[in-house]
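Owing to the predicted nature of the structure, the values given are computational and were not obtained by experimental measurement.
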There are 2 protein chains.
Amino acid sequence: MTLGQKIRELREHNQMLQRELASKLEVGDGYLSKIERDQKVIKREHLKTLSTIFKCPLKELEALWVATKVYDIIKYEETGLEALRVAEEQIKYNETYAKI
Amino acid sequence: MTLGQKIRELREHNQMLQRELASKLEVGDGYLSKIERDQKVIKREHLKTLSTIFKCPLKELEALWVATKVYDIIKYEETGLEALRVAEEQIKYNETYAKI
DNA sequence: TATATTTGACCAAATTAAGTCAAGTCAATA
DNA sequence: TATTGACTTGACTTAATTTGGTCAAATATA
């Protein structure tokens with residue numbers, strides 16, 4: 001599940017048109033179309049609005065948003081999965097030693 | 001293990017000074033210092049040079065390089081680990097359906 | 001045909017990349 | 001203790017890339 005898929009799912013589940021949702025977010029509907037197709041990433045602040053409109057946990061949307069950013073980096077990388085492992089190791093290491 | 005740590009390890013293992021390695025890479029030694037401390041990310045093209053100088057597999061350096069990019073995104077994210085899971089799911093999904 | 005969505009080309013503004021340089025720190029030593 | 005050599009840091013720069021869109025035309029879809 002990508003963020004775009006999630007947004008589309010929420011919108012359709014609420015029988016809303018792109019035009020309607022786009023106007024709530026104050027963007028053009030062409031832009032929203034791209035967002036739902038993961039051709040663009042929505043502005044992070046918009047997640048709050050989505051969370052309110054669709055009564056969906058903000059954390060869930062945020063995790064998808066961050067995942068999109070991560071995926072954009074690794075999608076064409078041969079070493080993508082290996083890199084994920086290393087990044088996970090790094091975050092766990094830093095959590096352990098509270099270096100942040 | 002971060003990319004910076006790896007580079008320092010390789011350099012010290014070969015008893016090379018920052019100044020020396022920096023000149024091989026044609027950058028300043030202040031910059032290399034930051035790279036080894038993960039305050040800056042080395043240019044990707046430099047990985048080939050490092051791989052040659054230290055006879056270290058390029059793939060390994062590349063995985064660390066990509067991991068650094070990923071880690072930079074998630075390091076301050078509460079949902080970092082969750083996002084890694086989602087990104088992994090996405091890459092596996094796409095590998096399965098060969099959508100790339 | 002009308003309505004909804006997608007796409008491509010384009011854009012300004014903001015951010016990041018890829019460094020430099022000089023001053024500062026730190027340890028060993030003459 | 002003054003010096004030296006290796007490294008670190010902070011402030012800065014310039015160019016390239018990304019962000020966050022718009023709009024009109026093309027394309028489904030009913």
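- With a 6.0 Å radius and a threshold of 12 heavy atoms from other residues, nucleotides or ligands, A:Glu78 has its CD atom at or below the threshold.
- DNA chain D is contacted by B:Ser33, B:Lys34, B:Arg37, B:Gln39 of residues 32-45 of chain B, taking any non-hydrogen atom closer than 4.0 Å.
- Note: CD1 (A:Ile7) to P (C:dT5) measures 14 Å, nearest angstrom.
- Tested against A:Trp65 for a side-chain contact (heavy atoms from CB on, under 4.5 Å), the candidates A:Lys43, A:His46, A:Arg44, A:Lys6 yield a single pass: A:Arg44.
- Looking only at atom types and distance, the side chain of B:Tyr71 has no donor-acceptor partner in the side chain of B:Asp38 under 3.5 Å away.
- The cluster map of Ile, Leu, Val, Met, Phe, Trp and Tyr, joined by side-chain heavy atoms under 4.5 Å apart, puts B:Val27 and B:Val41 in the same cluster.
- Of the two residues near DNA chain C, B:Lys69 and B:Gly30, the one whose nearest nucleotide lies more 5' is B:Lys69.
- Rounded to an integer number of Å, the gap from B:Glu12 CD to D:dA6 C1' is 11 Å.
- Here the side chain of A:Gln18 is nearest to one of C:dG19, C:dT6, C:dA4, namely C:dT6.
- Contact annotation: B:Arg8 does not reach the phosphate of D:dA6 (side-chain N/O to OP1 or OP2, under 4.0 Å).
- Annotation: A:Gln39, atom CD; neighbour count of heavy atoms from other residues, nucleotides and ligands within 6.0 Å is above 12.
- Nearest approach of A:Ile91 to B:Gly80, heavy atoms of both residues: CD1-CA, 4.5 Å.
- Near-neighbour residues of DNA chain D inside residues 19-29 of chain A, defined by a heavy atom below 4.0 Å, number-ordered: A:Val27, A:Gly28.
- Heavy-atom neighbours of B:Gln15 CD from other residues, nucleotides or ligands within 6.0 Å: at or below the threshold of 12.
- In terms of modelled atom types and a separation under 3.5 Å, the side chain of A:Thr96 and the main chain of A:Lys92 share a donor-acceptor contact.
- Between D:dT19 and A:His46, no contact under 4.0 Å exists linking OP1 or OP2 to a side-chain N or O.
- In this structure, B:Ala83 and A:Ala63 approach most closely via the heavy-atom pair CB-O, 3.7 Å.
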With sugar-phosphate taken as primed atoms, P, OP1 and OP2 and all else as base, the protein-contact string of nucleotides 25-30 of chain C at under 4.0 Å (heavy atoms; B, S, -) is ------
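- What you find for A:Leu61 and A:Leu50 is that their closest heavy atoms are CD1-CB, 4.0 Å.
- Across all their heavy atoms, B:Leu84 and A:Ala87 have their closest contact at CD1-C, 4.4 Å.
- Across D:dT22, D:dC7, C:dG19, the shortest atom-to-atom separation from the side chain of B:Tyr31 is found for C:dG19.
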